[in-house]
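Nothing here was measured: the structure is a model prediction, and the numbers come from that model. Because only heavy atoms are used, hydrogens play no part in the values below, and waters and symmetry mates are left out as well, while side chains stay in.
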Amino acid sequence: MSFVENTRKPVGLGGKLMVAAMNLGHQALARWGLGFLNVGPEAEILDCGCGGGANLHALLKRCPKGTAVGLDYSPVSVAASRKKNRAAIAAGRCRVEQGDVSALPFEDEEFDLATAFETVYFWPDLGGSFREVFRVLKPGGTFLICNESNGDTDRDEKWAKIIGGMTIYKDIELKAYLEQAGFHEVQIHKKKS
């Protein structure tokens, strides 16, 4: 496996390095995306594809009386996320589980907010996964997807060729999948460079 393949499913030493790099490299994009959220201080949050746990950490700060669950299918990511959020885990405000977004191990209508930062590219059954996220959100809940790549540039196509199993979706494609899964009032925001 090449080092860049660790963006899809981090493994081994390369995976540990990748999740640390993701925590740093995705900070600006995550901060921008989180700016669109309006959640209460007691929100119950699910971070799908939690990677190194930086976004879980940021979400817990925004919801000081809330709880958060991180889910990732990479054992390396789960370990890194647990380490990053060990104080919140010890306080009972956070847990991190290994699992697959296409079969979420949670009850119906459990969360106020679900997030997916730089991860939907790697979900093989996007429609089914979106239906699962819809299922675990409370009525009126929010699902935030934050992607750096949206197929608007040649660079995006380059990444999809380099990283096996990566699909970069156009905004209109994501919107259609979301609406088919039951979401409505889908908003698309693009960061101006």
Atom of [X], atom of [Y] and distance for their closest heavy-atom approach:
{"X": "Ala114", "Y": "Val133", "answer": "CB-CG1, 3.7 Å"}
{"X": "Ala68", "Y": "Leu60", "answer": "CB-CD2, 3.7 Å"}
{"X": "Leu56", "Y": "Cys94", "answer": "CD1-SG, 4.1 Å"}
{"X": "Trp123", "Y": "Ser129", "answer": "CE3-CB, 3.5 Å"}
{"X": "Ala58", "Y": "Leu34", "answer": "CB-CD1, 3.9 Å"}

Looking at [atom1] of [X] and [atom2] of [Y], how far apart are the two atoms once the value is rounded to the nearest 0.5 Å?
{"X": "Leu144", "Y": "Thr115", "atom1": "CG", "atom2": "OG1", "value": "6.5 Å"}
{"X": "Lys175", "Y": "Gln180", "atom1": "NZ", "atom2": "CD", "value": "11.0 Å"}
{"X": "Lys61", "Y": "Leu59", "atom1": "NZ", "atom2": "CG", "value": "11.5 Å"}
{"X": "Arg93", "Y": "Cys63", "atom1": "CZ", "atom2": "SG", "value": "8.0 Å"}
{"X": "Cys48", "Y": "Phe130", "atom1": "SG", "atom2": "CZ", "value": "9.5 Å"}
{"X": "Ile45", "Y": "Asn55", "atom1": "CD1", "atom2": "CG", "value": "11.0 Å"}

Discussion item. Are Phe183 and Phe134, when compared by the centres of their aromatic rings, separated by less than 6.0 Å?
Written reply: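 Yes, they do, as the ring centres are separated by less than 6.0 Å.
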Item to complete: Check whether the ring centres of Phe36 and His189 lie less than 6.0 Å apart, and answer yes or no.
Response: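 Here the rings of His189 and Phe36 have centres that are less than 6.0 Å from each other.
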Fill in: Carboxylate-amine/guanidinium proximity below 4.0 Å for Arg95 and Glu97
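Between Glu97 and Arg95 there is a salt bridge, with a charged N closer than 4.0 Å to a carboxylate O.
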Discussion item. Between Arg135 and Glu132, does any NZ, NE, NH1 or NH2 come within less than 4.0 Å of an OD or OE carboxylate oxygen?
Written reply: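 Arg135 and Glu132: salt-bridged.
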Worksheet item: Could you go step by step and tell me if Tyr169 and Thr167 meet the side-chain contact (heavy atoms from CB on, under 4.5 Å) rule?
Response: CA-CA 6 Å; Tyr169 298 94; Thr167 303; 3.6 Å; yes
Taking everything shown except [X] itself, do over 12 heavy atoms lie less than 6.0 Å from its [atom1]?
{"X": "Asp108", "atom1": "CG", "result": "yes"}
{"X": "Lys138", "atom1": "NZ", "result": "yes"}
{"X": "Tyr177", "atom1": "OH", "result": "no"}

Give a yes or no on whether the backbone of [Y] and the side-chain of [X] come within a donor-acceptor separation of less than 3.5 Å.
{"X": "Arg62", "Y": "Leu37", "answer": "yes"}
{"X": "Asp171", "Y": "Ile188", "answer": "no"}
{"X": "Glu118", "Y": "Glu148", "answer": "yes"}
{"X": "Glu179", "Y": "Ala176", "answer": "no"}
{"X": "Asp125", "Y": "Gly128", "answer": "yes"}
{"X": "Arg82", "Y": "Ala79", "answer": "no"}
{"X": "Ser81", "Y": "Ser77", "answer": "no"}
{"X": "Asp112", "Y": "Ala43", "answer": "no"}

Discussion item. One pair to check against side-chain contact (heavy atoms from CB on, under 4.5 Å): Asn147 and Val120. What are the steps and the verdict?
Written reply: CA-CA 8 Å; Asn147 289 341; Val120 299; 3.5 Å; yes
Worksheet item: For Leu137 and Glu109, what are the C-alpha separation, side-chain angles and deciding distance, and is it a side-chain contact (heavy atoms from CB on, under 4.5 Å)?
Response: CA-CA 5 Å; Leu137 280 173; Glu109 301 180 5; over 6 Å; no
Worksheet item: If we only count heavy atoms from C-beta on, is the Thr119 to Cys50 side-chain gap below 4.5 Å?
Response: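 Contact flag for Thr119/Cys50 side chains = no.
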Worksheet item: Does any non-hydrogen side-chain atom of Leu46 lie less than 4.5 Å from one of Val136?
Response: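 They are in side-chain contact.
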Quick one: do [X] and [Y] end up in the same hydrophobic cluster if we chain Ile, Leu, Val, Met, Phe, Trp and Tyr together by side-chain heavy atoms under 4.5 Å apart?
{"X": "Leu113", "Y": "Phe117", "answer": "yes"}
{"X": "Leu104", "Y": "Phe143", "answer": "yes"}
{"X": "Val186", "Y": "Leu126", "answer": "yes"}

Fill in: Ser102 versus Asp100, side-chain donor and acceptor atoms under 3.5 Å
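Ser102 and Asp100 do have a side-chain donor-acceptor pair below 3.5 Å.
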Fill in: Parallel, tilted or perpendicular: ring planes of Phe106 versus Phe111, cut at 30 and 60 degrees
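Judged by the thresholds at 30° and 60°, the geometry between Phe106 and Phe111 is perpendicular.
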Item to complete: Quick one: do Ile145 and Leu178 satisfy side-chain contact (heavy atoms from CB on, under 4.5 Å)? Show the steps, please.
Response: CA-CA 10 Å; Ile145 299 170; Leu178 288 163; 4.1 Å; yes
